[in-house]
Amino acid sequence: MINQLREKIFDWCLRHQAKREVVMYAWNDIRSVVILHDEVEVKHIAKQLQREGKEVQVWSRPEKKDICWLTGMPKKEVREEVQSRHYDLLIDLTQQPNITMQYMAMYVKAGIKTGRDIGKRLYDLSIDTPAQQTPDFLFEQVVKYIQMFTQKRS
């Protein structure tokens, strides 16, 4: 029951979010990346991006005390931190749909938002892949599609 209410509130928030301009950068032009994850190992992905000259921020699920119990929404302080800067790219590597991480992805300011297809219009680039696929696989798909789309535009 509570999960259904949380989903309805999230869907309402997503529909009523301010419109944003999607900016599709060529892979080599991406300078700042934020990675969302749900306690899976992503340090090696962050390091790979840093070796490519990208500034990387990694966020995991907020602590329970920083989440509104009714909605699953991160509390104001967390939302303000998430919204405090703009990134070229958001990569959501969460394995299973999680309402709190969906809010985090919604609040991030990014030129392009990517993640696993969860059946919502949360991402600009949704990758349809089974949840059992690793974050590495999802990351590889994100890179592949960004490179493919930006090559066609050139």
Say you draw a straight line from CD of Gln102 to CZ of Phe10; how long is it, rounded to the nearest 0.5 Å? 5.0 Å
So, for Met101 and Pro62, which heavy atoms are closest and what is the spacing to 0.1 Å? SD-CD, 4.4 Å
Are the side chains of His37 and Pro135 in touch, meaning some heavy atoms are under 4.5 Å apart? no
Does CZ belonging to Arg85 count more than 12 external heavy atoms closer than 6.0 Å? yes
Sort and list the pairs that fulfil salt bridge (Lys or Arg N to Asp or Glu O under 4.0 Å) and have at least one residue in residues 7-21, not counting sequence neighbours. Glu7-Lys120, Asp11-Lys120, Arg20-Asp124
Using distance only, find each side-chain donor-acceptor pair of residues 69-84 under 3.5 Å and give its atom names and separation, not counting sequence neighbours.
unit_1, atom_1, unit_2, atom_2, d
Thr71, OG1, Met73, N, 3.1
Lys75, NZ, Lys65, O, 3.0
Arg79, NH1, Pro74, O, 2.7
Ser84, OG, Glu81, O, 2.7

Between Leu49 and Ile127, is there shared hydrophobic-cluster membership here, with clusters defined by ILVMFWY side-chain heavy atoms closer than 4.5 Å? yes
Gln141 CD to Asp136 CG distance, which is reported to the nearest 0.5 Å: 11.5 Å
Any chance you could measure Tyr87, atom OH, to Ile35, atom CD1, to the nearest 0.5 Å? 11.0 Å
Please report the interatomic distance CE(Met24) to CG(Leu89), rounded to the nearest 0.5 Å. 9.5 Å
Would you check if the side chain of Ser32 reaches a backbone N or O of Asp88 as a donor-acceptor pair within less than 3.5 Å? yes
Knowing that exactly one of Leu93, Ile91, Leu138 qualifies, which makes a side-chain contact (heavy atoms from CB on, under 4.5 Å) with Thr114? Ile91
Is Val33 linked to Leu90 within one hydrophobic cluster, defined over Ile, Leu, Val, Met, Phe, Trp and Tyr using a side-chain heavy-atom separation of less than 4.5 Å? no
Pairwise distance CD1(Ile99) to CD1(Ile67) - rounded to 0.5 angstrom: 11.0 Å
Indicate if Leu122 and Val22 have the same hydrophobic cluster label, given that clusters are the connected sets of ILVMFWY residues with side-chain heavy-atom separations under 4.5 angstrom. no
Ignoring hydrogens and angles, tell me if any N or O in the side chain of Gln96 forms a donor-acceptor pair with the backbone of Asn98 under 3.5 Å. no
Atom of Arg6, atom of Tyr103 and distance for their closest heavy-atom approach: O-OH, 4.4 Å
Let me check something: do Tyr145 and Tyr123 share a hydrophobic cluster, defined by ILVMFWY side-chain heavy atoms less than 4.5 Å apart, either directly or through other members? no
Using the rule given for side chain to side chain contact (heavy atoms under 4.5 Å, CB included), can you reason through Phe137 versus Thr134, listing the C-alpha separation, both sets of side-chain angles and the distance that settles it, and then say yes or no? CA-CA 5 Å; Phe137 178 79; Thr134 65; 3.7 Å; yes
Let me check something: do Val58 and Met104 share a hydrophobic cluster, defined by ILVMFWY side-chain heavy atoms less than 4.5 Å apart, either directly or through other members? no
Okay, side chain of Gln95, backbone of Val40: is any donor-acceptor separation there less than 3.5 Å? no
Check the pair Gln57, Val34 against side chain to side chain contact (heavy atoms under 4.5 Å, CB included), reporting the backbone distance first and the verdict last. CA-CA 5 Å; Gln57 181 82 40; Val34 61; 4.2 Å; yes
CH2-CD1 distance between Trp27 and Ile146, expressed to the nearest 0.5 angstrom: 5.5 Å
